[in-house]
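Heads up, the thing below is written out as structure tokens.
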Amino acid sequence: MRDPGFDITCARPLSHRFYDRDPRRVARELLGKVLVRKHGRKLLAGRIVEVEAYMGANDPAAHAAAGPTARNLVLFGPPGFAYVYFIYGNHYCLNVSCMSEGKAGCVLFRALEPVAGLAQMFVARGLSMPEREPRLTDLRLLTTGPGRLTQALGITRARDNGKDLTTFSDLTILDDSCCAGRVVTTPRTGITKAADAKLRYVIAGNPFVSGKSEGRSQK
DNA sequence: TTATAGATTGCCT
DNA sequence: GGCAATCTATAAT
């Protein structure tokens, strides 16, 4: 299977300073960046096409709303670190911490456009590999959705929670100077509190954005 | 100690 | 479109 690929030679991790800002700003600017997982000698990577911003005490939908706990401690730590939690008894979700130490805030990764290691992603997701070049409907099952993208990249709480995403370890976010294109904001999905705040950011027209038609028919 | 809701997904009709 | 699966954090006894 052919990987779309990306130019890793000119890609570099984002600095802690990048994440040391309002999550809304970080979320918008994370679109178009590349989430990279080292899997043995292979690279698994996906371009970030959909994220959500979560704030601190003033955001009732945020895990950090009630203050620091054993689970959400990473959110109150320094910016640029992975916050991984387990949800609905089935899925892991990946966030990156924002704001300086002591202040909570994060960005949730909701969908990626797979660019490298697609064959391994099919394996990790427990999907059978398409015989021919995969269709969009097959590819969307890999990394469209917060629970799916963590499974495709093998991200778990035990393995990745608290990891520094600004160093090139086995999990990092790279900037390859790709232009994200037009960004659309919508209400966050799957939450009941503060459900009207437009804190979901997607790349307009990108086919890997979650939802039925968002990003596909709408340009 | 027990109950319940949850930043989801996949399979059912 | 509806709902079960299945763990954990937090609220309620």
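Here is the naming used below: chain letters follow the sequence lines, and residue numbers restart at 1 for every chain. Note: hydrogens, waters and symmetry copies are ignored here, and every other heavy atom, side chains too, is used.
- Protein atom CZ of Arg157(A) is 20 Å distant from nucleotide atom P of dG6(B), rounded to whole Å.
- Using a 4.0 Å heavy-atom criterion, one finds that Arg71(A) contacts the sugar-phosphate atoms exclusively.
- Across all strands shown, nothing is found opposite dT6(C) as a Watson-Crick or G-U wobble partner with both distances under 3.5 Å.
- Leu73(A) and Phe81(A) fall into different hydrophobic clusters, where Ile, Leu, Val, Met, Phe, Trp and Tyr side chains are chained together by heavy-atom contacts under 4.5 Å.
- The NE2 atom of His91(A) sits 17 Å away from the C1' atom of dA9(C) (whole-angstrom rounding).
- Arg125(A) comes within 4.0 angstrom of the backbone, heavy atoms only, and of no base.
- Atom name P, nucleotides dA5(B) and dC3(C): the rounded distance is 15 Å, in whole Å.
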*Check the pair Ile203(A), Arg182(A) against side chain to side chain contact (heavy atoms under 4.5 Å, CB included), reporting the backbone distance first and the verdict last.*
CA-CA 6 Å; Ile203(A) 297 182; Arg182(A) 195 162 71 82; over 6 Å; no
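- For the pair Lys193(A) NZ and dT4(B) P, the computed distance is 16 Å after rounding to whole Å.
- For the pair Phe86(A) CZ and dT9(B) P, the interatomic distance rounds to 13 Å; values are reported in whole Å.
- Remark: Thr69(A) is in phosphate contact with dT10(C), judged by side-chain N or O atoms under 4.0 Å from OP1 or OP2.
- Cluster membership for Tyr201(A) and Val209(A), using ILVMFWY side-chain heavy atoms within less than 4.5 angstrom, is shared.
- Straight-line distance between the P atoms of dA4(C) and dT4(B): roughly 15 Å, to the nearest whole Å.
- Proximity of Arg110(A) to the phosphate of dT8(B): a side-chain N or O atom is located under 4.0 Å from OP1 or OP2.
- Below the 3.5 angstrom threshold, one finds no donor paired with an acceptor across the side chain of Tyr88(A) and the base of dA5(C).
- The phosphate of dA7(B) has neither OP1 nor OP2 within less than 4.0 Å of any side-chain N or O from Thr189(A).
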*Kindly indicate, with the supporting measurements, whether the criterion side chain to side chain contact (heavy atoms under 4.5 Å, CB included) is fulfilled by Asn206(A) and Glu113(A).*
CA-CA 8 Å; Asn206(A) 187 285; Glu113(A) 174 174 348; 2.9 Å; yes
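- Rounded to whole Å, atom P of dT8(C) lies 16 Å from atom CG of Asn72(A).
- Using a 4.0 Å cut-off, some side-chain N or O of His63(A) falls inside it from OP1 or OP2 of dA7(B).
- Scanning atom types as modelled, no donor and acceptor separated by under 3.5 angstrom connect the side chain of Asn90(A) and the base of dT8(B).
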_Between Leu139(A) and Leu118(A), is the side chain to side chain contact (heavy atoms under 4.5 Å, CB included) condition met? List the steps._
CA-CA 8 Å; Leu139(A) 295 173; Leu118(A) 273 65; 3.7 Å; yes
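- Comparing Ile191(A) and Arg148(A), the nucleotide of DNA chain B nearest to each residue sits closer to the 5' end for Ile191(A).
- Atom-to-atom, CD of Gln151(A) to P of dT8(B) comes out at 15 Å; the value is rounded to the nearest Å.
- Base-pair partner of dA7(B): not found among the strands shown (Watson-Crick or G-U wobble, both distances under 3.5 Å).
- Summarising the geometry, the separation between CD1 on Ile87(A) and P on dT8(C) is reported as 11 Å, rounded to the nearest angstrom.
- Rounded to an integer number of Å, the gap from Leu142(A) CG to dG10(B) P is 11 Å.
- Partner of Glu52(A) under the salt bridge (Lys or Arg N to Asp or Glu O under 4.0 Å) criterion, chosen from Arg28(A), Arg110(A), Arg188(A): Arg110(A).
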